[in-house]
Amino acid sequence: MMDGTAGVSGHRHADEALLDDPAQLGERDPGGMLRFTASAGAQVRESAALAAEANLSVLADDGRPRAVVIAGIGTAGRTGDVLATVAGPRCPVPVIPHRSAGVPGWVGAADVVIAVSASGRSPEALGAAEAAHRRGARLVAVGAPDSQLQSVAERARAPFIPVPRRAPARASLWALTVPVLLAARTLGLVKVNEADLAETAARLDADADRCRPTAESFVNPAKSLALGLAGSIPIVWGSSPLATVAARRFGDTLSANSRYPVVSGALGEAGRGRVGLLDGVFGGLAEGERDIFADPDDSDPDGVRLRLVLLRDGGLNADDDTDEPLAVEERRADAVQTLAERRGVRCDVVTAEGGSALERLASLVAVPDFASIYLALAHGLDPMAVPAITEMKELANQ
């Protein structure tokens with residue numbers, strides 16, 4: 001084996017039959033990523049209970065902050081995107097995700113910093129917590145108990161919400177997100193009530209059941225999505241700000257779990273340039289050369305093709321002044337589906353469901369999370385162990 005590929009295993013072509021063999025799936029997933037992903041509903045309930053036990057009320061003692069900074073990297077960083085989206089454009093203060101060490105230069109005593117790290121030791125979260133303490137900003141920390149982050153929070157006499165490290169950070173989105181939302185609720189920035197949390201947890205439970213390993217591919221939406229993406233270059237676009245958070249999350253999991261290159265983001269931004277990918281050498285140009293008599297579900301051995309995944313969110317019962325943007329988003333989503341169809345590019349659509357922004361986000365995240373794991377397993381990849389991540393950390397720390 002060539003130097004630099006130690007620990008790399010798997011096969012380029014997906015084994016579709018494996019996905020309908022639960023025993024084989026279990027053997028290929030020794031770290032239990034499917035099990036951890038199925039715990040999303042339980043994560044919501046547990047982290048809500050842990051947040052309720054923390055002394056979050058002190059955050060509100062000094063009134064509404066000037067701004068809220070959510071500091072973290074990777075999945076922890078996505079919690080800031082979720083908060084900004086659930087808070088929405090009517091949030092009375094700026095909500096700013098921050099993914100580098102320290103905090104923005106303007107942060108001071110009028111602001112709140114929420115430092116998030118699943119391990120409790122990420123340099124980004126630790127640096128932000130320490131900087132917030134030095135500058136006199138209100139601080140709340142979310143992470144593993146008995147960690148460095150907890151020590152910083154205790155020195156700053158700041159609330160700390162302990163999130164037990166039961167799963168890798170990639171599979172802990174909901175465990176980390178709920179405390180962030182509840183801290184923001186204490187500050188009066190979001191309206192997330194107990195019913196919203198319960199319905200979100202129930203939605204995640206129901207999707208975990210639909211996507212369970214024993215459900216065959218033709219009734220399992222995650223397995224079907226994984227098989228559709230196999231051997232392709234995925235493009236994942238969200239039709240709304242909320243759906244865009246889910247699209248970027250799917251990009252994260254496809255890259256980390258399945259090791260697939262992904263283009264992900266907002267459909268509105270894509271319409272200003274990236275939609276041209278549908279015309280390119282992996283899109284319309286390639287599809288135009290496909291044998292018209294070939295089975296459309298068969299993979300093409302001669303080349304890689306685009307596969308579009310569109311996450312659609314029709315929104316909730318919006319006020320009159322927001323109806324037009326929602327209508328624009330819907331028309332844009334219809335248009336890109338038509339464009340893909342005209343160019344022969346396959347398109348999968350996941351549509352949001354639920355009565356709150358949080359539940360709708362969960363409905364767009366759950367199936368893609370499972371799909372990224374099934375796609376990895378179909379290629380003989382262990383979704384838990386990513387040799388390149390381990391090797392990069394070792395090289396960076398030399």
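Note on Ile233: it clusters hydrophobically with Val275, by side-chain heavy-atom contacts below 4.5 Å among ILVMFWY residues. The hydrophobic clustering, which links ILVMFWY residues whose side-chain heavy atoms are closer than 4.5 Å, places Val86 and Ile114 together. Hydrophobic clustering (side-chain heavy atoms under 4.5 Å, transitive across Ile, Leu, Val, Met, Phe, Trp, Tyr) keeps Leu25 apart from Leu375. Ile161 and Val180 fall within a single hydrophobic cluster, where Ile, Leu, Val, Met, Phe, Trp and Tyr side chains are chained together by heavy-atom contacts under 4.5 Å. Linking Ile, Leu, Val, Met, Phe, Trp and Tyr residues whenever their side-chain heavy atoms come within less than 4.5 Å leaves Val345 and Val262 in two separate clusters.
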After noting the C-alpha distance and the side-chain angles of Val69 and Asp111, does the key distance pass the side-chain contact (heavy atoms from CB on, under 4.5 Å) rule?
CA-CA 8 Å; Val69 174; Asp111 306 302; 5.8 Å; no
Would Val178 and Thr200 count as a side-chain contact (heavy atoms from CB on, under 4.5 Å) if you check the C-alpha gap in whole Å, the side-chain angles of each, and the deciding distance to 0.1 Å?
CA-CA 11 Å; Val178 170; Thr200 298; over 6 Å; no
Might you work through the side-chain contact (heavy atoms from CB on, under 4.5 Å) test for Lys393 and Ile389, ending with a clear yes or no?
CA-CA 6 Å; Lys393 289 179 179 177; Ile389 294 177; 3.9 Å; yes
Can Val245 and Leu361 be said to form a side-chain contact (heavy atoms from CB on, under 4.5 Å), step by step?
CA-CA 8 Å; Val245 173; Leu361 178 65; 4.3 Å; yes
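The two residues Leu149 and Val142 make their nearest non-hydrogen contact at CD2-O, 3.4 Å. Closest approach of Pro94 to Arg66, counting heavy atoms only: CD-O, 3.2 Å. Nearest heavy-atom pair across Ala54 and Phe160 is CB-O, 3.9 Å. Between Ala137 and Gly108, the shortest heavy-atom distance links the atoms CB-O, 3.2 Å. Counting all heavy atoms, side chain and backbone alike, Leu56 lies closest to Pro159 at CD2-CB, 4.1 Å. Closest approach of Ser147 to Gly120, counting heavy atoms only: OG-CA, 3.6 Å.
Within the 4.5 Å cutoff, side-chain heavy atoms of Pro168 are placed close to those of Met384. Inter-residue side-chain proximity for His379 and Arg259 is flagged as unmet; no heavy-atom pair is nearer than 4.5 Å. No side-chain heavy atom of Ser258 sits under 4.5 Å from any side-chain heavy atom of Tyr374. Inter-residue side-chain proximity for Arg343 and Leu308 is flagged as unmet; no heavy-atom pair is nearer than 4.5 Å. Counting heavy atoms from C-beta outward, Arg210 and Val367 have side chains that approach closer than 4.5 Å. Here the side chains of Ser172 and Thr75 are not in contact, with every heavy-atom distance at 4.5 Å or above. Side-chain atoms of Pro241 and Glu329, non-hydrogen and from C-beta on, do get closer than 4.5 Å to each other. When side chains are defined from C-beta on, Asp29 counts as touching Leu377, because their heavy atoms get closer than 4.5 Å.
We find that Arg342 and Asp279 are not joined by a salt bridge, their nearest charged nitrogen and carboxylate oxygen being 4.0 Å or further apart. Using a 4.0 Å cut-off between charged side-chain N and carboxylate O, Arg78 and Asp81 make a salt bridge. Between Arg312 and Glu330 there is a salt bridge, since a side-chain N of the basic residue sits under 4.0 Å from a carboxylate O of the acidic one. Using a cutoff of 4.0 Å between basic side-chain nitrogens and carboxylate oxygens, Arg185 and Asp196 are not scored as salt-bridged. The pair Arg170-Asp369 fails the salt-bridge criterion, with no side-chain N (NZ, NE, NH1 or NH2) lying under 4.0 Å from an Asp/Glu carboxylate O. Classification of Asp209 and Arg212 as a salt-bridged pair holds, one side-chain N sitting under 4.0 Å from a carboxylate O.
Arg165 contributes a side-chain N or O that, together with a main-chain N or O of Ala167, makes up a donor-acceptor pair within less than 3.5 Å. Remark: side-chain polar atoms of Tyr260 are not paired, donor with acceptor, to backbone N or O of Ala376 under 3.5 angstrom. At least one donor-acceptor pair under 3.5 Å links the side chain of Ser240 to the backbone N or O of Ala243. Checked by atom type and distance alone, the side chain of Lys223 pairs as donor or acceptor with a backbone atom of Pro213 at under 3.5 Å. In terms of modelled atom types and a separation under 3.5 Å, the side chain of Ser39 and the main chain of Phe36 share a donor-acceptor contact. Between the Thr177 side chain and the Trp174 main chain, no donor and acceptor come within less than 3.5 Å of each other. A distance-only check finds a donor-acceptor pair linking the side chain of Thr253 to the backbone of Phe250 [under 3.5 Å]. With hydrogens and angles ignored, the 3.5 Å screen pairs no side-chain donor or acceptor of Ser232 with any backbone N or O of Leu306. Side-chain atoms of Arg138 come within 3.5 Å of backbone N or O of Leu59 as a donor-acceptor pair. Side-chain N or O atoms of His98 include one that pairs as donor or acceptor with a backbone N or O of Ser100 at under 3.5 Å.
For the atom pair CG of Leu364 and CD of Glu359, the computed distance is 11.0 Å after rounding to the nearest 0.5 Å. Atoms CG and CD, on Leu358 and Glu199 in that order, are 10.0 Å from each other to the nearest 0.5 Å. For the atom pair CD1 (Ile373) and CG (Leu381), the distance works out to 12.5 Å, reported to the nearest 0.5 Å. Rounding to the nearest 0.5 Å places CG of Asp313 at 11.0 Å from CD of Glu353. To the nearest 0.5 Å, atom CD of residue Gln148 and atom OG of residue Ser122 are 9.5 Å apart. Note that CG of Asn257 and CZ of Phe370 are 11.5 Å apart. Values are rounded to the nearest 0.5 Å.
Using a 3.5 Å distance cut-off with no hydrogens or angles, the side chains of Glu154 and Gln150 do pair a donor with an acceptor. No side-chain donor-acceptor contact under 3.5 Å links Ser47 and Gln43.
Taking Asp348 as the reference, Arg307 meet the salt bridge (Lys or Arg N to Asp or Glu O under 4.0 Å) condition, with sequence neighbours excluded.
More than 12 heavy atoms of other residues, nucleotides or ligands shown are found within 6.0 angstrom of CZ on Arg135.
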